[in-house]
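Reminder, nothing fancy here: chain letters follow the sequence lines and each chain counts from 1. Everything quoted here is computed from the prediction, not taken from an experiment.
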Number of protein chains: 2
Amino acid sequence: MNKHIQLPAGSASSPIYDVLRRDLVGGRFKAGEKLAINALKEQYQVGLSPLREALNKLAAYGLLVQENQRGFRVPKLSREELDDIARLRTELEGMALERAIAHGDAVWEADLLAAAHRLKRADITLDKGEEWERLHTQFHRTLVAPCGSVWLLRFIEQLHDQFDRYRRLGPKMPTIRQELDDQHHELVELALKRDASAARALMDDHIHKSYEVALARYQKHA
Amino acid sequence: MNKHIQLPAGSASSPIYDVLRRDLVGGRFKAGEKLAINALKEQYQVGLSPLREALNKLAAYGLLVQENQRGFRVPKLSREELDDIARLRTELEGMALERAIAHGDAVWEADLLAAAHRLKRADITLDKGEEWERLHTQFHRTLVAPCGSVWLLRFIEQLHDQFDRYRRLGPKMPTIRQELDDQHHELVELALKRDASAARALMDDHIHKSYEVALARYQKHA
DNA sequence: GTAGGTTAAAAAATCGATTATTTTGTCTAA
DNA sequence: TTAGACAAAATAATCGATTTTTTAACCTAC
């Protein structure tokens with residue numbers, strides 16, 4: 001199923017990579033924190049080699065910074081970077097959405113409806129919201145999936161992860177969920193109607209609202 | 001010097017990483033080729049661990065594909081991907097150039113003139129063109145450096161490397177060098193004149209011409 | 001008291017060897 | 001012949017130990 005949605009090339013991810021990525025995006029590490037490799041080894045019950053290889057990949061991906069001979073750190077957060085990410089997301093996801101609306105077929109329409117429905121039905125209190133987060137990511141991924149550019153999808157995914165480092169700061173998050181969730185459904189409607197410019201405008205607004213959530217969390221955090 | 005041009009965060013690259021990246025971009029490996037790790041170990045005179053960590057980073061960066069338990073491969077080339085890369089380059093570098101022209105200061109102007117001059121003076125026959133390639137990359141990097149978005153610069157650099165996998169197929173390359181080189185100088189002129197839309201139009205054309213070179217090489221190659 | 005320098009402890013990176021997996025080659029049976 | 005199973009070889013991945021580098025603690029001289 002979902003043969004439309006192909007993973008970006010170059011990634012045969014190990015379990016430890018996936019878990020670390022999830023935890024980094026989910027904010028289980030403090031920004032700026034130095035990772036104690038031996039501690040991680042025990043905490044995640046993995047050997048040194050697989051762990052180091054995962055850390056190297058995460059550094060290349062941008063979820064860690066690798067310093068000369070002094071290990072790995074969680075990247076700092078900054079207002080400037082958040083603005084940068086949000087702005088780029090607006091441009092790239094807008095572009096991708098337009099293209100997806102131009103090229104998406106009936107299977108896409110079905111996938112989209114399904115993804116939106118699953119997201120709406122998801123219990124946000126479950127599993128610390130992890131399940132909702134997964135479905136939310138999946139929804140946005142589905143939305144732009146048939147844009148026709150593997151590299152654009154790759155960059156969008158990367159920015160999404162970076163953005164979520166800000167948006168998911170602090171505890172839980174059923175903040176203004178209803179409003180954002182309504183936008184998800186509006187986005188589906190406009191996509192099905194093939195109204196590219198309206199969809200793009202709504203996407204701009206959607207990202208902007210998410211940005212405001214992220215910014216508020218970032219400022220409370222600091 | 002060049003304090004304007006900061007590396008994208010997250011990269012403290014090892015020697016072996018840099019060399020492998022250069023060789024992958026420069027086409028010293030066949031597309032689709034499977035890398036024999038033990039051979040690489042001897043060829044580059046490095047240990048297994050540093051080598052594997054470099055390969056993992058390159059896979060995350062997109063210059064290698066990592067398959068489940070069967071090592072690393074050089075990614076295949078395809079017409080579709082080349083089109084994708086060229087199109088995205090046009091959009092992202094155009095965007096970045098506009099922003100750079102809006103924000104670049106006097107130091108940038110000087111850097112730009114210097115980079116263009118060094119490129120023009122470079123002897124393309126030297127060192128199999130490596131020196132020219134280095135200066136060419138540096139010129140394009142300088143051009144967009146003050147765009148204000150670290151992430152945009154990161155993506156542009158990545159796409160540039162991917163693009164060069166096509167453009168640098170086959171031997172040497174003083175193809176239509178003169179024409180492209182003239183464009184470099186025109187770009188500098190328009191940038192200094194702060195004519196964003198003309199600069200962007202020229203950049204579009206420049207990338208398109210490079211694309212034609214790359215496409216021709218790709219088709220001859222296959 | 002503090003700056004500079006030495007040493008000890010901690011941590012990161014690398015190495016050599018082992019283990020697990022895949023690939024190749026060979027044999028047998030239909 | 002050829003498909004399938006088995007064994008052997010090759011290769012990838014992982015582990016445990018060693019080496020190197022950084023960080024911290026301590027001491028001495030000014």
For the pair made of [atom1] in [X] and [atom2] in [N], what is the distance, rounded to whole Å?
{"X": "Q66(A)", "N": "dA13(C)", "atom1": "CD", "atom2": "P", "result": "6 Å"}
{"X": "L40(B)", "N": "dA13(D)", "atom1": "CG", "atom2": "C1'", "result": "16 Å"}
{"X": "E53(B)", "N": "dA12(D)", "atom1": "CD", "atom2": "C1'", "result": "16 Å"}
{"X": "Q69(A)", "N": "dA13(C)", "atom1": "CD", "atom2": "C1'", "result": "6 Å"}
{"X": "F72(B)", "N": "dT22(C)", "atom1": "CZ", "atom2": "P", "result": "15 Å"}
{"X": "L48(A)", "N": "dA17(D)", "atom1": "CG", "atom2": "C1'", "result": "11 Å"}
{"X": "N68(A)", "N": "dA11(C)", "atom1": "CG", "atom2": "C1'", "result": "15 Å"}
{"X": "I37(B)", "N": "dC15(C)", "atom1": "CD1", "atom2": "P", "result": "15 Å"}

field: H160(A) and H136(A): side chain donor to acceptor below 3.5 Å
entry: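 No, H136(A) and H160(A) have no side-chain donor paired with an acceptor closer than 3.5 Å.
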query: In terms of side-chain heavy atoms, does Q158(B) have a donor or acceptor partner in W151(A) at a distance below 3.5 Å?
result: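 Side-chain D/A pair, Q158(B) to W151(A): absent.
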task: Tell me which of K34(B) and V46(B) sits closer to the 5' end of DNA chain C, going by the nucleotide each one is nearest to.
output: V46(B)
- prompt: Below 4.5 Å, heavy atoms only, C-beta onward: do R134(A) and R22(A) meet side chain to side chain?
  reply: no
field: Given DNA chain D, 5'-ward residue of the pair G47(A) and L35(B), judged by closest heavy atom
entry: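 Closer to the 5' end of DNA chain D: L35(B).
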- request: Select from R70(A) and G71(B) the residue whose nearest nucleotide in DNA chain D is closer to the 5' end of that strand.
  value: G71(B)
- prompt: Regarding R89(A) and the six-membered ring of F163(A), is the cationic atom NZ or CZ under 6.0 Å from the ring centre and inside 45° of its axis?
  reply: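 Yes; both conditions hold, so R89(A) lies above the ring face of F163(A).
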